[in-house]
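Just so you know, ligand 1 is whichever comes first in the structure, and atom 1 is the first atom listed for that ligand.
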Amino acid sequence: MFKIVVLVSGNGSNLQALINNCIENHIAGNIVGVICNDPNAFAIKRAENHSIPCEIIDHKEFLSREEFDQRVLDSLIKMQPDLIVLAGFMRILTNTIIDRFENKIINIHPSLLPKYPGLNTHQKVIENNDKFHGVTIHFVNNELDAGKIIAQGKLKVEKSENIAKLIERIHKIEHDLLPYIVNKFATLEIEKQNDIYYKTYNF
Ligand code: GRF
């Protein structure tokens with residue numbers, strides 16, 4: 001069985017999309033664990049609703065990033081994941097974890113990387129009057145949102161589109177693309193390939 005661990009910090013709608021796709025057998029694997037760094041995150045409830053073991057590791061209880069990562073690493077080693085998915089996980093991982101799980105950690109980021117790494121991507125798209133926006137799934141390395149790109153989903157920004165509508169459309173892409181790519185890992189070992197999957201959306 002292909003074992004998936006999901007790291008989250010917030011609402012967890014992408015976690016929910018992964019859970020649903022596993023239940024519906026659209027992902028040839030199972031989520032064996034969730035790790036959350038925020039005790040108040042709604043994502044925890046989502047994991048509990050489906051009886052998925054969820055470890056809450058509050059980063060505020062650790063003196064350094066390395067100590068926090070060591071604690072996360074201990075949990076990951078126990079869970080023995082084939083793939084680690086950062087789905088709205090708002091912490092930067094250090095080499096402690098990245099080196100141990102090389103090519104096994106992916107992140108979903110709401111922009112067409114390399115454009116707009118970091119926060120507030122939707123706002124930047126609107127402020128800059130960008131014609132296109134989208135999401136990127138990439139391998140995680142020790143630079144912020146800079147690992148090798150695996151897949152992108154792109155949409156056309158409507159004239160005078162507001163940020164709420166844009167975020168809603170971006171989430172729809174995420175909830176389609178992330179399960180699709182996770183299933184690719186489960187079935188095709190995509191990490192050994194060099195091609196980038198690319199899709200244009202009209203949501
Ligand atoms: C998503 O937009 C994802 O791209 C970004 O954080 C957001 C998480 O949303 N990294 P959710 O918690 O999955 O609803």
Side-chain angles (χ1 to χ4, degrees), residues 4-23 26-27 31 33-50 52 54-59 72 83-93 97-98 105-126 130 132-155 157 161-183 185 196-199 201 203:
I4 304 155
V5 170
V6 187
L7 271 58
V8 290
S9 300
N11 178 31
S13 67
N14 281 286
L15 168 65
Q16 190 67 58
L18 291 172
I19 293 171
N20 295 348
N21 277 271
C22 286
I23 290 171
H26 295 145
I27 293 176
I31 301 173
V34 169
I35 295 175
C36 182
N37 67 303
D38 182 349
N40 298 314
F42 184 63
I44 297 167
K45 186 90 193 115
R46 295 184 192 270
E48 283 171 1
N49 286 343
H50 295 274
I52 298 169
C54 181
E55 284 228 37
I56 302 161
I57 307 173
D58 186 351
H59 65 277
V72 173
L83 184 69
I84 298 163
V85 182
L86 311 190
F89 184 65
M90 304 305 282
R91 307 291 303 165
I92 296 170
L93 296 179
I97 292 176
I98 291 165
I105 313 176
I106 64 171
N107 179 46
I108 183 153
H109 179 77
S111 81
L112 293 169
L113 289 171
K115 214 168 185 185
Y116 309 139
L119 298 173
N120 304 322
T121 60
H122 314 294
Q123 203 176 322
K124 287 172 190 161
V125 163
I126 287 181
D130 287 356
F132 296 99
H133 188 22
V135 314
T136 301
I137 297 171
H138 63 91
F139 285 108
V140 172
N141 64 13
N142 54 11
E143 283 175 67
L144 181 66
D145 301 324
K148 185 179 179 316
I149 293 173
I150 300 161
Q152 292 191 309
K154 181 176 168 183
L155 57 68
V157 181
E161 182 161 14
N162 68 35
I163 196 158
K165 180 73 188 157
L166 192 56
I167 291 173
E168 187 189 321
R169 291 167 72 215
I170 284 292
H171 268 124
K172 277 192 186 169
I173 297 180
E174 292 185 335
H175 300 162
D176 178 78
L177 191 61
L178 186 60
Y180 179 88
I181 292 299
V182 168
N183 186 49
F185 273 89
I196 293 175
Y197 175 76
Y198 197 89
K199 189 171 175 181
Y201 282 83
F203 285 149

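- Under the 3.5 Å distance criterion, with hydrogens and angles disregarded, a donor-acceptor pair is assigned to the side chains of His133 and His122.
- If you look at ligand 1, the protein residues with a non-hydrogen atom under 4.0 Å away are Asn11, Gly12, Ser13, Asn14, Gly88, Ile108, His109, Pro110, His171, Glu174.
- Closest approach of Asp58 and Pro39 over heavy atoms only: OD2-CG, 3.6 Å.
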Dump the intermediate steps for side-chain contact (heavy atoms from CB on, under 4.5 Å) on Leu18 and Asn14, then the final yes or no.
-> CA-CA 6 Å; Leu18 291 172; Asn14 281 286; 5.6 Å; no

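- No donor-acceptor pair under 3.5 Å is formed between the side chain of Asn183 and the backbone N or O of Pro179.
- Side-chain polar atoms of Ser9 and Asn37 form a donor-acceptor pair below 3.5 angstrom.
- Panel note: side chain Thr121, backbone Pro110; a donor-acceptor pair is recorded below 3.5 Å.
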